[in-house]
Amino acid sequence: MADPVADPVELRDPPVADEDAPYDPDPPSDPFDTRPIEYIPGPRREPDEGVPMDTADRRALDTRLAQIKHDAHAGPTSLVGAGGQVRPGQTEVYVHLTDLTLATGNGVLRTEGIGPLLADQLTELVGHAPYTVKPVIDLNDAVSADAYEIPARIRERVRLTHPVELFPYGTRETHRGIDLDHIEPYDPYGPAGQTSTRNLAPLSRFGHRVKTHAPGWKVHRLDHKTLEWTTPHGFRFEVGPTGTHRLPNRIPVS
């Protein structure tokens, strides 16, 4: 018995690629949009240098920032469900932004896990789901504790300040369980405030053991974000926000 004749297959043109899409007067602001920047219509120009703020504008900005911090600490904002029950958010979103963007609501910010966004796009990212706004974390503040154990508030600040460990050529991201090492060893009989954001550095377990137990390794802080390491053979490395940089060896004095 012969096989029944199959229905003819209609051949269609392949879908139009994004590069060949028609003009869109309102291009999407989706942060995950993969289309090249050349697709977006309209004139483009490099940003200018801007104009320095005068004394009155700076005073107004400082006043606005102080009010934002006060409101955030006095009563964190949350969406409230039916019956007055607070529905806390299930996902933490850390947003890094300047004081000017915080005060005006305009500018570019950086969202961890996504990258740079316009301030207006953050509203689209959060949407209308339940959320909780935590107080502003100023990473320039020096926070300390009078104990060897590291409180959660200090651990969070160190993790946000240093996204990657501070060991030479280290690649370990500073997750919540990473080791935080006292750059100057903790002395139980020493002064108060030894456990602070200025005396802690994130290190992988390997880097932590090398600093603590390997002979000949030295480290000291250059500023609140940068360390200088010296190996037993005299090689020097600067480790900071821009990665690891080899420093010239010191010439011994005869």
Side-chain angles (χ1 to χ4, degrees), residues 47 49-50 65 92-102 107-117 134-145 148-187 190-191 193-252:
E49 298 296 332
L65 291 174
E92 288 186 335
V93 179
Y94 287 96
V95 180
H96 300 259
L97 68 167
T98 64
D99 51 1
L100 184 61
T101 301
L102 176 64
V108 179
L109 48 84
R110 179 173 64 87
T111 305
E112 291 192 4
I114 296 180
L117 294 172
K134 293 185 177 180
V136 177
I137 300 176
D138 190 346
L139 299 180
N140 294 316
D141 293 342
V143 182
S144 62
Y148 178 79
E149 291 75 15
I150 304 172
R153 70 181 189 281
I154 295 181
R155 181 175 292 274
E156 182 180 30
R157 290 171 181 269
V158 174
R159 185 174 65 86
L160 294 175
T161 302
H162 308 286
V164 181
E165 65 167 314
L166 291 180
F167 190 75
Y169 299 106
T171 59
R172 183 66 60 84
E173 294 185 0
T174 53
H175 53 79
R176 297 179 184 274
I178 198 169
D179 292 356
L180 296 185
D181 176 72
H182 290 77
I183 301 302
E184 294 295 331
Y186 183 84
D187 182 2
Q194 297 180 67
T195 299
S196 69
T197 53
R198 302 299 172 87
N199 192 41
L200 293 171
L203 296 175
S204 64
R205 186 57 53 86
F206 171 79
H208 196 174
R209 288 176 175 174
V210 167
K211 175 187 177 295
T212 305
H213 303 293
W217 284 81
K218 300 178 182 179
V219 59
H220 70 276
R221 186 176 291 278
L222 298 179
D223 55 46
H224 72 285
K225 290 186 178 181
T226 310
L227 299 181
E228 179 182 322
W229 291 80
T230 304
T231 71
H233 298 285
F235 297 106
R236 300 166 56 232
F237 301 93
E238 179 182 297
V239 185
T242 59
T244 300
H245 303 277
R246 174 78 180 275
L247 299 176
N249 296 337
R250 291 190 175 95
I251 301 176

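Predicted, not measured: the structure shown is a model, and the values here were computed from it.
Here the closest heavy-atom approach between residue Ala145 and residue Arg153 is recorded as CB-NH2, 4.4 Å. For the residue pair Val239 and Phe167, the shortest heavy atom distance occurs at CG1-O, 4.1 Å. The two residues Val158 and Pro202 come nearest to each other via the heavy atoms CG1-CD, 3.9 Å.
Here His162 contributes atom NE2 and Leu227 contributes atom CG; the two are 7.0 Å apart, rounded to the nearest 0.5 Å. Separation of atoms CG (Leu180) and CD1 (Ile150) is listed at 4.5 Å; rounding is to 0.5 Å. Atom CZ in Arg110 sits 10.5 Å away from atom CG in Leu97 (nearest 0.5 Å). One distance of note links CZ of Arg221 with CD1 of Ile183; it measures 5.5 Å at 0.5 Å rounding. Taking OG1 from Thr242 and NZ from Lys225, the interatomic distance works out to 11.0 Å, rounded to the nearest 0.5 Å. One distance of note links CZ of Arg159 with CG of Leu200; it measures 14.5 Å at 0.5 Å rounding.
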- Query: Does the pair Glu238 and Thr244 meet the rule for a side-chain contact (heavy atoms from CB on, under 4.5 Å), with working shown?
  - Reply: CA-CA 6 Å; Glu238 179 182 297; Thr244 300; over 6 Å; no

- Does the side-chain contact (heavy atoms from CB on, under 4.5 Å) test come out yes or no for Thr174 and Val164, once each step is laid out? CA-CA 5 Å; Thr174 53; Val164 181; 5.5 Å; no

- Residues His224, Asn140; criterion side-chain contact (heavy atoms from CB on, under 4.5 Å); working and verdict: CA-CA 9 Å; His224 72 285; Asn140 294 316; 4.3 Å; yes

- Can you check ring pair (Phe, Tyr, Trp, His ring centres under 6.0 Å) on Trp229 and Phe235, steps first, answer last? CA-CA 8 Å; Trp229 291 80; Phe235 297 106; over 10 Å; no

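A side-chain donor-acceptor contact under 3.5 Å links Arg157 to the backbone of Asp138. Judged purely by atom type and a 3.5 angstrom limit, Glu228 has no side-chain atom pairing as donor or acceptor with the backbone of His220. Distance alone, capped at 3.5 Å, places no donor-acceptor pair between the Ser196 side chain and the Val143 backbone. When atom types are taken as modelled, the side chain of Thr226 and the backbone of Gly240 share no donor-acceptor pair closer than 3.5 angstrom.
You'll find the side chain of Tyr186 reaches within 4.5 Å of the side chain of Gln194, heavy atoms only. Under the 4.5 Å side-chain criterion, counting only non-hydrogen atoms from C-beta, Arg246 is in contact with Phe237. The shortest side-chain heavy-atom distance between Arg172 and Ile178 falls under the 4.5 Å cut-off. Looking at Thr230 and His233, their side chains never come closer than 4.5 Å, going by heavy atoms from C-beta outward. Side-chain atoms of Ser144 and Thr197, non-hydrogen and from C-beta on, never get closer than 4.5 Å to each other.
In the displayed structure, Tyr148 atom OH is contacted under 6.0 Å by at most 12 heavy atoms of other residues, nucleotides or ligands. Annotation for Arg209: atom CZ does not count as buried by contact number, only 12 or fewer foreign heavy atoms lying within 6.0 Å. By the 6.0 Å contact criterion, CZ on Phe206 is open, its count of non-hydrogen atoms from other residues, nucleotides or ligands being 12 or less. With a 6.0 Å radius and a threshold of 12 heavy atoms from other residues, nucleotides or ligands, Arg236 has its CZ atom above the threshold.
Between the side chains of His208 and Asp181, at least one donor-acceptor pair of N or O atoms lies under 3.5 Å.
Under the side chain to side chain donor-acceptor pair (under 3.5 Å) test applied with His182, the options Asp187, Thr195, Asn199 reduce to a single match, Thr195.
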